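Order of listing sets the numbers, starting from 1, for every ligand and every atom in it. Here the structure is a predicted model, which is why all the values come from computation and not from measurement.
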Amino acid sequence: MSVTIKDLPDVEYVFPGAAACAGCPSTIALRIVGKALGENAIMIMTPSCAVASIGPLPKSCYTISVLNICFASAGASAAGLTMVLDALYEKGRLKGEKPTVFNWAGDGGTYDIGFQDISAAAERNDDFIHAIPAGNFPQATPLK
Ligand code: SF4
């Protein structure tokens, strides 16, 4: 079944007042990702504009749970969190639908300093989503 942007709910997980630049494509993308995943999600962020866009504490523009982690550990952090959740469900300490764990990382946290544990998580087929705002992909360079 295909889902279009019109099928997404009206509920907002990114509120106005984010500290990102006006019209920031990363924040707009995150708004859509939030609508697609729903409130039962845990977002892990490596250092990036997305972290700065949360705004000054104690306020936050995001209404889903957010973990700020160090640059090189997106894969290890997401893998560890999903394993902890699995253990808590196994022991009966958590009930209901398991939250979706997803990374919101940039180029550094993905294919530079973060590559080793993303690679290891892929090798283990760990249960999380790794998302990269489209603007962070390297430009295709023509060979000629
Ligand atoms: S990614 Fe950062 S610099 Fe680029 S528009 Fe968003 S907040 Fe501004």
Side-chain angles (χ1 to χ4, degrees), residues 1-89 93-94 96-144:
M1 183 182 110
S2 66
V3 175
T4 70
I5 204 162
K6 290 179 187 168
D7 300 320
L8 294 175
D10 289 337
V11 63
E12 296 292 345
Y13 298 101
V14 178
F15 283 150
C21 302
C24 169
S26 170
T27 307
I28 292 169
L30 192 48
R31 182 173 169 241
I32 301 303
V33 167
K35 287 172 180 274
L37 294 179
E39 67 183 2
N40 194 21
I42 302 172
M43 174 166 58
I44 296 177
M45 288 181 151
T46 57
S48 63
C49 283
V51 172
S53 72
I54 292 172
L57 289 171
K59 297 187 176 177
S60 167
C61 69
Y62 304 127
T63 62
I64 55 176
S65 300
V66 179
L67 288 177
N68 288 326
I69 54 144
C70 69
F71 227 144
S73 66
S77 297
L81 180 55
T82 57
M83 288 173 198
V84 166
L85 289 170
D86 286 343
L88 290 173
Y89 276 97
R93 295 207 185 150
L94 288 179
E97 194 179 339
K98 183 179 164 187
T100 303
V101 174
F102 75 104
N103 285 328
W104 191 252
D107 51 350
T110 300
Y111 47 76
D112 188 348
I113 193 170
F115 186 75
Q116 72 286 342
D117 52 314
I118 295 294
S119 170
E123 189 77 25
R124 293 187 302 263
N125 199 23
D126 285 337
D127 183 20
F128 65 84
I129 297 170
H130 188 81
I132 315 164
N136 284 320
F137 281 109
Q139 297 270 324
T141 308
L143 294 175
K144 294 183 182 176

| remark: ligand 1 atoms nearer than 4.0 angstrom to some heavy atom of A20 are 7 (S)
| request: Answer yes or no for C21: is there an N/O/S atom below the 2.8 Å cut-off from atom 8 (Fe) of ligand 1? | output: yes
| Heavy-atom check, side chain of M43 versus side chain of L67, under 4.5 Å | no
| Looking at residues at least two apart in the chain, or sitting in another chain, which of them share a salt bridge (Lys or Arg N to Asp or Glu O under 4.0 Å) with D127? | K98
| Is there a protein heavy atom at a distance of less than 4.0 Å from atom 4 (Fe) of ligand 1? | no
| field | Smallest separation among heavy atoms of G109 and F71, with atom names | value | N-CE2, 3.4 Å
| said: Starting from atom 2 (Fe) of ligand 1, what is the nearest protein heavy atom, named by residue and atom, and what distance separates them? | reply: C49 SG, 2.4 Å
| Can any side-chain N or O of T110 pair as donor or acceptor with the backbone N or O of D107 at less than 3.5 Å? | no
| field | Over 12 foreign heavy atoms within 6.0 Å of CD, E39 | value | no
| task | For atom 2 (Fe) of ligand 1, decide whether C24 has an N, O or S atom at a distance under 2.8 Å. | result | no
